[in-house]
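To start, the structure under review is shown below, and the notes come after it.
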Protein chains: 2
Amino acid sequence: MATISDVAARAGVSTATVSRTLNGKSTVDPELAARVVTAAEELGYQPNGLARNLRRQETAVLALIISDVENPFFTALARGVEDLAQTSGYSVVLCNADENVDKERRYLDVALQERVAGVVLSPTGPATNVALLRRLGTPVVAVDRPLAGTDGDQVLVNTHRAARDATRHLMAGGYRRIGCLSGPAGVRTADDRLTGYLDAVGEENALYRRASYRAEGARLAAGELLDLATPPDALLIANSTMAIGVLEALATRALRPGRDVGLVSFDDAPWATLIDPPLTVVAQPAYELGRAAAQLLLARIADHTRPVVTTTMDARLIVRESSHR
Amino acid sequence: MATISDVAARAGVSTATVSRTLNGKSTVDPELAARVVTAAEELGYQPNGLARNLRRQETAVLALIISDVENPFFTALARGVEDLAQTSGYSVVLCNADENVDKERRYLDVALQERVAGVVLSPTGPATNVALLRRLGTPVVAVDRPLAGTDGDQVLVNTHRAARDATRHLMAGGYRRIGCLSGPAGVRTADDRLTGYLDAVGEENALYRRASYRAEGARLAAGELLDLATPPDALLIANSTMAIGVLEALATRALRPGRDVGLVSFDDAPWATLIDPPLTVVAQPAYELGRAAAQLLLARIADHTRPVVTTTMDARLIVRESSHR
DNA sequence: CTGAAAGCGCTAACAC
DNA sequence: GTGTTAGCGCTTTCAG
């Protein structure tokens, strides 16, 4: 593969001149510039980003580490990050931690070693090596889930309140025994949604299960609840992927959402209006979350000393048919 | 940030010894090795991947460029690529071309400049700079959609036949006026699904629209078809995202899938069984496609001269209620 | 405005 | 088994 010195040789100039013309930094004699450009084209020259980054000690790529590529919430968020990054000339590479602490750690390592300009992270676990990243000067902003113990930029949604309000909505709809299906303990969004629910029903009426943030786990957990001697007459569900499992559990028991079991789920999936009855949801501003996180990250990259900020956005309850009889 | 020479200095050895111990290549005296390790830990040493890659002239990262992160088909594929790459110690960075030829070109450039080990590409357009990549020695394997004009490794699904069979299934179900909603012209999967459909119904009975591979476009296009003087009594839909739009179009017209309009859609979305009636689909082996593509890529990286292979997988028709009255 | 040369951090010959 | 040294390909002073 052609290098900058090949180009220099062919154009009869120094490598410095080639570098200058190709980067349009300092001004160079038009005639020489022309020679450089044609030489580069003839050789099919492609700059070596590795060498450039090594020399410049910086990279124009951001890493986005999400907990689950198959969750529409995160893909929407990813698009937000991407769209904003693009406007500033950054590329973003997406890493799927898959709700797996090891994978997350590995990706964090890669990000560090490849010296990305910054990382947007939706933490799966305690993510201890974020501290390392930050200490070594790589900006990190947490999105969706806070980063325990470290004080850095964050963009979150007020998920506790959203869960509490959604539960109250169910109570207002006349449901008397409301259950909750939340995600794994230790995942902050799952914890918050659960405590929001508990706040609304009161500890003494607690009736919940925790499962993975996946359909299968939710199906089983919902089954347990539904097969209780006194089963719940309504359910708050912590995300749209889990909602699929819950809906399956209801279907196999010939239970109809709304009439038999009131339902509210987090995340406004594209299919939420397609099912019968349409699903009442707590819509999170996923795309905006992504944009905001990217914006914070870019700002932090530009100025490492600026004050730390936490942005909190609200979720919105969209009432449809599954939450009343 | 600590460098290898800092570690060397602190351990009282040469940089070569540090490199050797940390990479476990050649064998080094246990006592020195121990000193190196503790020195590295004390300094919080993190190898600089850029420098290493520059020197080694190789990277352990794969790029996966997909056409749409928000399409479950591609995210399943992504997991396949990731899972396989992981087993061989490669990281994969996901780039979302967003069905946009410019973005795809930009990511291809990034891949080239960052000197990734190889790229798995689901081409959005003619992707002319793939030729460049290959010419410069970066292996590329095409997945889902073939790469026009270049002969490289590919893993595809026999989507033409799948579309034809799905259409025949609809005909066998007694539908007489079958329409088709396919993706953009020039996108090979969209073209193939359309011609498969045409093969089944015959050119003289053609009744189709093309739209973007998104819900909104499909909703509009389906509306056009449905509002015809003699509307179709069944529809073949080119992917699950479009199916959402079609279902919306039917709902606003109080048309019931199956009874009023027979439906078969490509891609077995998680919600396909949740709607009423459940959706008949053509399930593609997305995850396996990803695995196979990654495997081919790794093989190609290991041996640039091995024969080119095209793997074709079959899709599977899953009959549910939406395709009969 | 241009070229020579140093050096980013690392690995791999090559010598000892 | 270990150290010295020459680069990987680029950018960027520093002279001229």
Side-chain angles (χ1 to χ4, degrees), chain A residues 1-37 39-40 43-61 109-117 136-138, chain B residues 1-37 39-40 43-61 109-117 136-138:
Chain A
M1 207 173 320
T3 75
I4 200 172
S5 11
D6 297 333
V7 177
R10 182 172 250 261
V13 298
S14 73
T15 60
T17 302
V18 176
S19 174
R20 281 192 276 256
T21 52
L22 264 25
N23 291 299
K25 285 295 184 188
S26 150
T27 167
V28 2
D29 183 276
E31 207 245 315
L32 288 196
R35 285 203 335 246
V36 168
V37 171
L43 269 61
Y45 170 71
Q46 285 290 339
N48 184 324
L50 258 42
R52 165 185 295 164
N53 295 337
L54 176 58
R55 173 65 228 229
R56 284 209 189 134
Q57 301 278 70
E58 67 178 32
T59 321
V61 0
D109 272 352
V110 173
L112 179 54
Q113 296 192 3
E114 300 301 322
R115 302 295 196 264
V116 300
L136 298 177
T138 307
Chain B
M1 206 174 317
T3 73
I4 201 172
S5 11
D6 297 333
V7 178
R10 182 173 251 259
V13 298
S14 73
T15 60
T17 301
V18 175
S19 175
R20 281 192 276 254
T21 53
L22 262 28
N23 291 298
K25 287 295 186 191
S26 149
T27 167
V28 1
D29 183 278
E31 206 247 313
L32 288 196
R35 286 205 334 247
V36 168
V37 170
L43 291 158
Y45 170 70
Q46 285 291 339
N48 183 325
L50 290 151
R52 164 185 295 164
N53 295 337
L54 176 58
R55 175 63 230 232
R56 283 208 190 137
Q57 300 280 69
E58 68 179 31
T59 321
V61 0
D109 272 351
V110 172
L112 179 53
Q113 296 193 4
E114 300 299 324
R115 302 293 195 264
V116 299
L136 299 178
T138 307

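Residue numbering restarts at 1 for every chain, and letters A, B, ... go by the order of the sequence lines. It should be emphasised that the depicted structure is a prediction, and the values quoted were computed from it without experimental measurement.
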- Message: At 4.0 Å (heavy atoms only), tell me whether B:Asn23 reaches a base, stays on the sugar-phosphate, or touches nothing.
- Response: sugar-phosphate
- Please check if the side chain of B:Ser19 supplies one atom and the backbone of B:Thr15 the other of a donor-acceptor pair under 3.5 Å. no
- Task: Name the residue closer to the 5' end of DNA chain D, choosing between B:Ala16 and A:Ala16 according to the nucleotide with the nearest heavy atom.
- Result: B:Ala16
- How many Å lie between NZ on B:Lys25 and P on D:dG1, as a whole number? 16 Å
- Minimal heavy-atom distance between B:Met1 and A:Arg115, with the atoms involved, is SD-NH2, 3.4 Å
- Under 3.5 Å donor-acceptor pair, A:Arg20 side-chain atoms to C:dG3 base atoms: yes
- Message: Can you tell me how far apart CZ (B:Arg55) and CG (B:Asn48) are? Round to the nearest 0.5 Å.
- Response: 14.5 Å
- Gap between atoms CZ and P, on B:Arg55 and D:dG9 respectively (whole Å): 10 Å
- Query: Are OP1 or OP2 of D:dG9 and a side-chain N or O of A:Thr3 less than 4.0 angstrom apart?
  - Reply: no
- In whole angstrom, give the distance that lies between atom CG of B:Asn48 and atom P of C:dC10. 5 Å
- Item | Value in whole Å for how far the P atom of D:dT11 lies from CG of B:Leu50 | 14 Å
- From A:Gln113 CD over to B:Arg52 CZ, what is the distance, rounded to the nearest 0.5 angstrom? 6.0 Å
- Message: If I take atom CD in residue A:Glu58 and atom C1' in nucleotide D:dT12, what distance separates them, rounded to the nearest angstrom?
- Response: 13 Å
- Calculate the interatomic distance between B:Glu31 atom CD and D:dT2 atom C1'; express it in whole Å. 13 Å
- Task: Please report the closest heavy-atom contact between B:Val18 and B:Thr21, naming both atoms and the distance.
- Result: O-OG1, 2.8 Å
- Message: What contact category does B:Leu32 fall into here, base, sugar-phosphate, or nothing, at under 4.0 angstrom with non-hydrogen atoms?
- Response: sugar-phosphate
- Message: Please report the distance, rounded to the nearest Å, between CD in A:Gln57 and P in C:dC8.
- Response: 8 Å
- Query: Which nucleotide, D:dT5, D:dT2, D:dC10, lies nearest any side-chain atom of B:Val28?
  - Reply: D:dT2
- Message: Closest approach to the side chain of B:Ser14, judged atom by atom: which nucleotide of D:dC10, D:dT4, C:dG3 is it?
- Response: D:dT4
- Query: Would you say a side-chain N or O of A:Thr17 is under 4.0 Å from OP1 or OP2 of C:dG3?
  - Reply: yes
- Query: Think A:Thr27 has a side-chain N or O under 4.0 angstrom from the OP1 or OP2 of C:dC1?
  - Reply: yes
- Note on the structure: Comparing B:Ile4 with A:Ser26, nearest DNA chain C nucleotide closer to 5' gives the residue A:Ser26
- Rounded to the nearest Å, what distance is computed from the CG atom of residue A:Leu54 to the P atom of nucleotide D:dT12? 12 Å
- Among the nucleotides C:dT11, D:dT11, C:dC10, whichever has the atom closest to the side chain of B:Pro47 is C:dC10
